[in-house]
Amino acid sequence: QVRLVESGGGSVQAGGSLRLSCAASGFTYSSYCMAWFRQAPGKEREGVAAIVYGSTSYADSVKGRFAISRDNAKRILYLQMNSLKPEDTAMYYCAAESAARCSTFSSGRRLEGWYSYWGQGTQVTVSS
């Protein structure tokens with residue numbers, strides 16, 4: 001079955017960096033849209049970044065600081081997070097959806113929460 005397992009979260013001071021990873025199994029990884037979402041306590045889930053066939057999308061709040069990438073051979077999704085801010089503190093989730101459904105979506109639509117498959121999340125805490 002589809003499985004998404006995030007790792008790489010932790011605690012860091014403002015201005016620091018972290019790299020999240022999401023190991024995928026159970027589906028044809030290279031043919032799927034992949035995305036990172038986050039949810040802070042008391043807030044709605046927010047799309048952070050998405051990637052499909054080399055095309056990337058980013059939330060305005062992370063543009064220029066975060067970079068999404070994927071290794072199709074290793075079936076791993078990455079999120080490199082630089083210049084972290086306290087407001088980046090959240091649980092981060094990876095998500096997957098067949099590219100047959102999402103490859104034609106706009107950049108903004110790829111950051112919405114319609115993905116079929118979700119991981120369990122990894123916590124990121126940024127202190128000031």
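Distance alone, capped at 3.5 Å, is enough to place a donor-acceptor pair between the Thr89 side chain and the Val126 backbone. In terms of modelled atom types and a separation under 3.5 Å, the side chain of Arg45 and the main chain of Gln39 share no donor-acceptor contact. Side-chain atoms of Gln120 do not come within 3.5 Å of backbone N or O of Glu6 as any donor-acceptor pair. Side-chain N or O atoms of Trp36 include one that pairs as donor or acceptor with a backbone N or O of Tyr78 at under 3.5 Å.
Side-chain contact between Arg38 and Asp88: present, with at least one pair of heavy atoms (C-beta onward) separated by less than 4.5 Å. Looking at heavy atoms from C-beta onward, Ile51 lies out of side-chain contact with Tyr58 at the 4.5 angstrom threshold. Side-chain contact between Ser17 and Asn82 is present, with heavy atoms from C-beta onward closer than 4.5 Å. Under the 4.5 Å side-chain criterion, counting only non-hydrogen atoms from C-beta, Met81 is not in contact with Val62.
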Throw together a table of side-chain donor-acceptor distances under 3.5 angstrom for residues 108-117, partners on residues two or more places apart or in other chains.
residue	atom	partner	partner atom	Å
Arg109	NH1	Glu112	OE1	2.6
Arg110	NE	Phe105	O	3.2
Arg110	NH1	Ser55	OG	3.1
Arg110	NH2	Ser103	O	2.7
Arg110	NH2	Phe105	O	3.2
Trp114	NE1	Arg109	O	2.7
Tyr115	OH	Arg110	O	2.6
Ser116	OG	Glu97	OE1	2.5

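Between the side chains of Glu87 and Ser61, not a single donor N or O lies within less than 3.5 Å of an accepting N or O.
Interatomic distance, Leu4 CG to Cys94 SG, rounded to the nearest 0.5 Å: 4.0 Å.
Geometrically, Arg70 engages Tyr29 in a cation-pi contact defined by less than 6.0 Å to the ring centre and at most 45° from the axis.
A salt bridge links Lys63 to Asp60: at least one charged side-chain nitrogen sits closer than 4.0 Å to a carboxylate oxygen.
Other residues, nucleotides and ligands contribute at most 12 non-hydrogen atoms within 6.0 Å of the CZ atom of Arg3.
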